[in-house]
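So the structure is just underneath, and the comments pick up after that.
Here is the naming used below: chain letters follow the sequence lines, and residue numbers restart at 1 for every chain.
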Amino acid sequence: MPEITLYTVPQCADCEAIKRLLHHEGAAFTEKNVRGDPVALAEMQRRANVRIAPVTIIGEQVFYGPFSDQRPRILASLLGRA
Amino acid sequence: MTMSQSPHPAAPDPLTYFVDGMDCASCVAKVERMVDTLPGTEGVRTSFAKQTLTLHLDEAQTPRATLEKNLKALGYTPSLLRPATAPTLHTEHDHEGHDHAGHTHGVALAGTPWYRTGQGRLVVTSGLLLLAAWFFGFIEPRFATAGYIAATLLGVWPLAKKAVASARFGDPFSINTLVSLAAIGAVAIGQAAEGAVVVFFFAIGELLEGVAAGRARAGIQALAALAPKTALLVDGTQTRVVPADALQVGQTVQVNPGGRVPADGTILTGTSSLDDSPVTGESVPVTKSAGDPVFAGSINTDGTLTVRVEKAASDNTIARIIHLVEEAEGSKAPTARFIDRFSRWYTPGVVLVSALVALVPPLAFGGAWHDWLYKGISLLLIGCPCALVLSVPASITSAISAGTRRGLLIKGGGALETIGSVKTVAFDKTGTLTAGKPKVTDVLGQGLDQAEVLRLAAAVESGSSHPLAKAITQAAQEGQIVVPPATEAQALPGKGASATVEGRRLSVSSPRHAATLATLSAELGHAITTFEEQGRTAVVLLEGQTPLGVIAIRDEPRPDARAALAQLHDLGLKTVMLTGDNARTGQAIARDLGLDVQAELLPEDKLRLIAELKAQGGVAMVGDGINDAPALAQSDVGIAMGGGTDVALETADAALLQERVMGVADLVALSRATMGNIKANIAFALGLKAIFLVTTLLGYTNLWMAILADTGATALVTANALRLLRWKGQVAAPTAPTTPRVA
C-alpha cells in the first residue's frame, strides 16, 4: 500500500470531502494542516509545487484542485493499487 | 453583468498578486467569482502552484484599489508582484494519464433476462436434473438416485466454494456452510432427493434476491439511459453530431428545444425552461439562462441553448448519483451486520444441536441410527436462515432505489436506518429553512433619504460576498442607484464591514455591534426591534459614531418549510433551528415555522449543541453541505440540502436533490417504512423456523414440509421487500390549500 498524505486547511469543504472519500475507500492517510504551519506548507510545496489545499499525495502521484477534479483521479489511483 | 469579456486589444501588462490566505480550493473559486463580477477584468488566472492571481485590469473601469479592497473584504491579503510575463495557467492540473472513462459497473443485469444469468442457468439445470430424476424414478429407481445426487452436487458446488472462501476469511459458519453441510448430509443418509430439493430451492431464493436487486437497480439505470447518446457539437459556425461520451471539457454544444442536455455544463447563451427531473426528481421545469448550470439528461423544453461542457460523461452528476446509489446498496445496514453476527453464533448452534440430535440418542440410548440422523439433518435444513439472511439486503436495496427516484439520495444502509431513529432534527437556517436569497424589505434614513442610505451602504458592502451584503448591493442595483467606489474596506466577521466612501468613514454593522460604537436613538432602536420581531435582519449604517439609517433584510422561508416541520412533529420528532442570526430574528422565523431555535451561535456552538443532542437520543443535521460540513459530519446523520454538488454528495450521509424541506420528512418516513419492513420479515422468518423446529422434533411435520415452508418464507419476504419500491412518500397531504402560507 503506498503512503497517502493529505494536506489540508481548517474549515475547507473540499478537504473534508477528500477525507471522507479516503475513509470511505478504506485508505489510511496522514493529514497535515498547512495553515499556520510553515514546515508542512514548505513540504507540500516541495512535493507538489502547489500552495493551495487540498493536496493529496498517493505514493508518487500528486493531485490537487477542487474535490470534483481530484475525486476521479484519487479513485483511479486507489483502484490501480488495489 | 458577469460576462464582461469585452475585447480590449491593447491591454497593459497583466497584474500578478500573491494572495495571502487563499489556501484552499474553494477560496480560489471564491476569488475567481468575485473578480468575475468586476467590470474591465480579462484573462483572469489563478495559480495553485504560486498562490497567485493574475489578470488584465482595465483600471478605467475598475481601479486597482477596488480589486484589492474586494480581496481584503473576502479575508485575503493581496500583495502585488512584478507584472508577470508568463502567467501560470490554473488548468495545469497534471492528468497523469488516468482516463476516467471506464466507469462501467457490473450491473448489466438490468437488461439481462433472469434465465441468462449464471444463477438462472444453475436453477434451470438443477431443476431439469431434478425433473429427469423424478421421471426415471418410475422406470428404474437407481437412475433416479443418481440423478438426485447429480442435482445435489451441481447445486452444492458453488455454495461449497463460497463456504470455503468465507472460511478462509475467518467466517467458517456462513449460511453457505450450513446449506452445504445439510445437502451433503442428506446425500450421506440416502436422502439425495431432499438434498437436491433443498439446494434447488436455495438457488431459487438467491435468484429471487438477485432479481429483486436487479429490479431496484433497473429504476436507477433507467435514469442513466435518459442522458442522450449523441450531442450537437458547436464547431466554429457549424454544428455536427458526435457521441455524447466523446465530449470533452471545454467544448460547446447546442441543445435544441425538446432535446436533452448531453453533458453537465454551464449555459453560454439562450434562456429556456429545463426539466431536471432525472437528476433532482423535481419535474416542475426551472427557467435557466446564461451562467446557470445544467445537468446531463435534463429536458430542454422551449429555447435553444449553447452550453459549455464541464464534466466528461463518465463523471457527470447523474453518473455520480448512480455510482453512489450502487455503492450504497452494496454497503450493509447495521441490521444486515446484525444478521452476520447473529449467524455467527446461530449457525454453529444449529450444527451443534443437529449433531447432538443425530449422535446422542443412538449412542447413548440405542436409538435407530437412520431415524436420528434423519432428524439431525432435518434440523440442519430447517435451521438454515435463508429467508432471514436474504430479506434485509432486498429491503435496503428497494428503499434506496425508491428514495433516489424521489430525489432522496441515501448513502448506504447505515444512514437509512439511523434517519428513522433520531429524536431531533436540527436545521441550519440560511439556505436550508430559508431560500438563502435575502432581500432588502425596508430602508430607514436618519436625516437622509432612503436612496442615499442604500447608495452608501452598497458602496461599503460592494466587495463582500456575504448574503446580506449581496442583498444590499442588489437592492441598489435594482433601484438604479450609482454606487460610488470605496477604499480601505475591511470586513469584521460576524459584526459588519467598514470602508471610506467619498471621504467619509462609513460602516455597516449589526445592531449589537453598532450599539458598542454609537448611541442609537430610541426611534432607531424601536425600528430595529420591530424589524427583528418580524423575522428580519437589521443592519445599521454609521458614519463614524453617527447612525445614518437602518436597512431591514429578510430571507424568506421556503414555501414548504412550515408544512414539512409540522410533518416531522407528527412523526414524533423534535425540531430545532441553529442560527448565527440574532435571537429576535431567529425566534420570529422559528415561531412562524413552528420550531425551537438556538440563535446567535458561533460555529463551535453549533458543534457543541449537536454533540448534546446526539447524547439525547440521536440527531440529524440538515444543512447546505458546504458551509456546515463539520456540523453535518458531527451529527448522527448529516443531510445535505440543495442539489448535487460534489462536496455535498460526499460529506453528507444523505442528500436532498430537490430544494424542499419536505424531503427530510420523506427520508424519516422512508427509513421507518424500511425498518418496519425488515423487522416484519425477520419476525416472520424466525417465527416460522421456531414452529417447524418444534413440530419436526415432535414428529408432526417432516423434512419436506420444512423445506417448502422455508422456500415459501424466502419468496414472501422478498416480495414484501419489493413492496418498498412502490413507496411514494407523503407529499400529497401537506400541500393542501388550507396550509397557512408563511408571510
Review point. Chain B heavy atoms under 4.5 Å from A/Q45: which part of the residue, side chain, backbone, both or neither?
Key: side chain
Check your understanding: Is the closest basic N to carboxylate O distance between A/R20 and B/D653 below 4.0 Å?
Key -> yes
Review point. Can you tell me how far CG of A/L41 sits from CD of B/Q51, rounded to the nearest 0.5 angstrom?
Key: 7.0 Å
Review point. Which of these passes side-chain contact (heavy atoms from CB on, under 4.5 Å) with B/D23: A/M44, A/R35, A/R51?
Key: A/R35
